[in-house]
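See structure below.
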Amino acid sequence: MRSHSIRRSLAAVLVAAACAAPALAHAAPPSLARAEALLAQGDYAGAEKELAARAREGGGADRAAALLAKARLELLTGRYDDAARTAKAAAALGKEARIAAAPLRAEALARRGKMAEAIAAAREVEREDEARRARLLLGELLIRSGKRGEARAPLMTLIDDYNDDTITAEDAEGLSLVGRAAHLLRSARDANDAFNAAERVGGKQRVETLLWRAELFLDKYDPGHAGQVVKEALKLAPKDPRVRVAMARVKLENAMDFGGADSEIAEALAVNPNLAEAYFVRAGLALRDMDIAAADAALDRGLKVNPSDLELLSMKAAARFLADDAAGFEAIKAKVLGLNPEFSRFFQIVGEYAEWEHRYDDIVEMMAEATRVDPGDAKAHATLGLNLIRAGDEKGGLAALQKAWDRDRFNVRVFNTLNLYEKDIATQYVTVEGQPFRVRYHKQERPILERYVPRMLEEAWGSMVKRYGFTPKVPVSIELYASTENFSVRTSGLPNVGIQGVCFGQTLAALSPAAAEFNWGNVLWHELAHVFAIQLSKNHVPRWFTEGLSEYETIVRRPEWHREEDPALFAALKGGRIPAVEGFNRAFTHVDSVADVTMAYFAASQIVVFMVEEFGFPKVVSMLPRWAAGKRTPEVVKESLGVGTEELDRRFRAWLTPRLQRYEKQYVPDLHAPPLDEARKAAARAPTDAKRLVELSLALFEDGQRQEGEAVLAEALRVDPKQPDANYLKVRAAFAEKKPDEAARLLSKMIADGHDGYVVRMKLADLAGMKKDAARMKAHLEAAARLDPTQAEPLQGLYDLARKQKDAAGELSALRRLALLDQHDRRVWGRLLRLLVERGAWEEARKVGESAIFVDVANPEIHRLYARALARTGRHVSAIYELNSALLSRPKPEEAAAIYGELAKAYAKLKRDDYAKQALEYQKAMRGTSPPAPRAMPD
């Protein structure tokens, strides 16, 4: 290991490891085999009974082994005082038992906050050669006490044991201890190498090894591999509360699965009601929802066990910070740094929740302090750098990132971000300074985007400044990235964030039209609205409100910028998944899929639409400065709108219900899978409730347990043969298995059972398409469109049919409706514009052309068609502008020649014969054997 002078070749270790047989940790004497078997099964009560008997009846080594196992079990189940006493009793039974008992006793004392006693317990055996586990724990306890320099000595003894072959290549436990020591010494590569070696000789059968490795992966932003090893640990020890907490962390990091994480924490606390890590995660879940009371309750429960737990205290500080309790925050910070003056993780914990609530300036201040508290904390430097860049200070941010890189060469976010700036931004992008906007373009996109992006942003800025009565701090940085990877790395440091735009208060970043097919105008308008909400509220606006307000802004700007999520909203309303206004952030956190997130945005937008209709936009805007003053949502709602949050909820639901009435008489799928453990319990409580059985089958399918899921689904249909979700799942299975006759039978049955609906008709249309029955397919598509006119899919099908049948009128009819629903599809807008121009529907074509620019701005044909519509409606100056845009969109030479011809005519209309003549000369050049690159003419 390079960082700590481990001299042996890792390759040699791996060769030896590959030939070694796996070994289990804590191999039990034969008399304790039954207790170990019960532990493996998760029967902790049975195991403890067996161990108690062995401790009473056995003698010598057997009794010591029983007591040590009993102490481990007491630690696992949260009886820390008992564990300390049991370990102390074991220590009296000989040298070997004393060495093994010391770290158990030390951990038990530490978990009760008795840090000095814990360190003393570990030091009792520190000098014994075999006391590696005690020295490892001693190092960790010293680090947690703010004595990282002192911790190096005991931790390095494990590295030395590896170097001199005292820890061999066949020792899975020893190699795991080396890996953990290297991680604590901030040597990630060495830690990973040691864990790799351990896994090859039995480490995969050690829960401890797997959990340590998962922690390393999570620390290095690799939740995917963390999830893999935690799943392996879960197979070995399904009841182990530490494993459950690790799985909760993985579910949050991998998919922001709040419901799943909460379920895992409940399982953990059922075994160990005193597990600090579980309360830490539970409090974090509550803070994501801004449920400060619930967070405090979880933290108080954990701190009752250990009043000095640094993570819990830090989370307590995060709760005080989000509650705008400055005095409380500073008092807890002082306490934490008094316990550990080097605990820079305090700022990381608070900063994570500050970021969730848009407190970007505060994060910069906190991370700057973190680097002063522990200058060696590479992650603190990295977080500081990333947030300085987000705030627009790229020079300072890159300097901080370089410091992070100098300390840790394995932080993927730092590596990616530095690469982005050094290799891509420096060579491929250009920043145009201005007021109120500073705009970054890809060099190839700048010529065309510079003609449209600032113009649209200035329109949005002027409108919002007037309506909000507020001017944000300028310049606002607008960064447009021509690849999804560039954008993702810029915003998160990781290569795929799966979004189109993000706002950091004064800086916003988005994909550019070259990166993906989407409506760039919608995205930029939405993100700019966040600037107003975040700054006017002084970064205190709740997530649901700022997202809903930004969605509202796009809705009122252009009709096609409206989301169409009515079915999902109806299912959520009926299923009780639309939270009350006071806790509406839960709609963004307790989700099962990307579709649920989309629904959350839509639901938030509808709340704002309702409030504007009911109370007026000025009163809605007046909520922002009240949040800025530190007031909580109930107080803000009451003062701004004149009603309480409960009355607001009641009125919103009363407003919403008739708008979704059409779904009451049709089948709308609601296929949400709760966490598997919860689904099992719910089905056990109500074994004749077919809906609960369907939910259990869905949870089983999601968990990969296909056979059991099918059996539960069959039981649901036995209990209620008409259960619509169960029948619909069978329909989908029939399609997947290519059994069209079975699918048709099931769909006919659903209709006969009274469960007709949009999705049923779409499936029938699919079946008709398979049979090439165009008439029946069209009938079902039209029925689907009538049942739900907000959905684009049937209109796409009707368009395709009309085109195959050369039915131009049918094409145009479908496209007119489709364009209002599918704002991101370039083909829809291009085909609609073309058809309108061909038909001479010039005024409609002009309006469609204006919208199409926001979808396909780099397409020269869009600009040409739009120009024709503008010219035919007497807007010759604008037509010339669009024709020049067509030239900047890199058309082919023959197309460029035609554009110059149209420009000549347009200039002639304006009596600019000089320009007309020049356009014709350019046209001639484009028709030559070596045409030049097209160039724009004067607008």
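The figures here come from the full heavy-atom set of this structure, side chains too, leaving out hydrogens, waters and symmetry mates. Residue numbers count from 1 along this sequence.
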Can you see whether Phe410 has Arg189 sitting over its ring - NZ or CZ less than 6.0 Å from the centre and within 45° of the normal?
no

Write down the atom of Ala40, the atom of Pro238, and the distance for their closest heavy-atom approach.
O-CD, 4.3 Å

How far apart are the closest heavy atoms of Lys239 and Val271, and which atoms are they?
O-CG2, 3.6 Å

Applying salt bridge (charged side-chain N to carboxylate O under 4.0 Å, His left out) between Asp374 and each of Arg345, Arg186, Arg407, Lys379, report the one that passes.
Arg186

For Glu74, does its backbone N or O pair with a side-chain atom of Tyr80 as donor and acceptor, under 3.5 Å?
no

Check Gln228, Glu208, His183, Glu199 against Arg213 for a side-chain hydrogen bond (donor to acceptor under 3.5 Å, both in side chains) and give me the one that passes.
Glu199

Contact summary for Thr157 and Arg135, nearest pair of heavy atoms:
OG1-NE, 2.9 Å

Checking Phe217 now: which residues fulfil ring pair (Phe, Tyr, Trp, His ring centres under 6.0 Å) with it, not counting sequence neighbours?
His225

Report yes or no: does Arg244 contribute a side-chain atom to a donor-acceptor pair with the main-chain N or O of Asp240 at less than 3.5 Å?
no

Donor on one side chain, acceptor on other, Asn272 and Arg242, under 3.5 Å
no

Can you give me the closest heavy-atom contact between Pro341 and Val373, atom names plus distance?
O-CG1, 3.0 Å

So, taking the atom named CG in Asn274 and the one named CG in Leu269, what distance separates them when rounded to the nearest 0.5 Å?
9.0 Å

Tell me the closest heavy-atom pair linking Val245 and Ala268, and the distance in Å.
CG2-CB, 3.9 Å

Is there a donor-acceptor pair under 3.5 Å between the side chain of Asn340 and the backbone N or O of Arg144?
yes

Between Gln705 and Asp703, is there a side-chain donor-acceptor contact under 3.5 Å, judged purely by atom types and distance?
yes

Taking only residues two or more places apart in sequence or in another chain, which ones pass side chain to side chain donor-acceptor pair (under 3.5 Å) with Glu708?
Arg680

Which atom names give the shortest non-hydrogen contact between Lys251 and Ala261, and what distance separates them?
CD-N, 4.1 Å

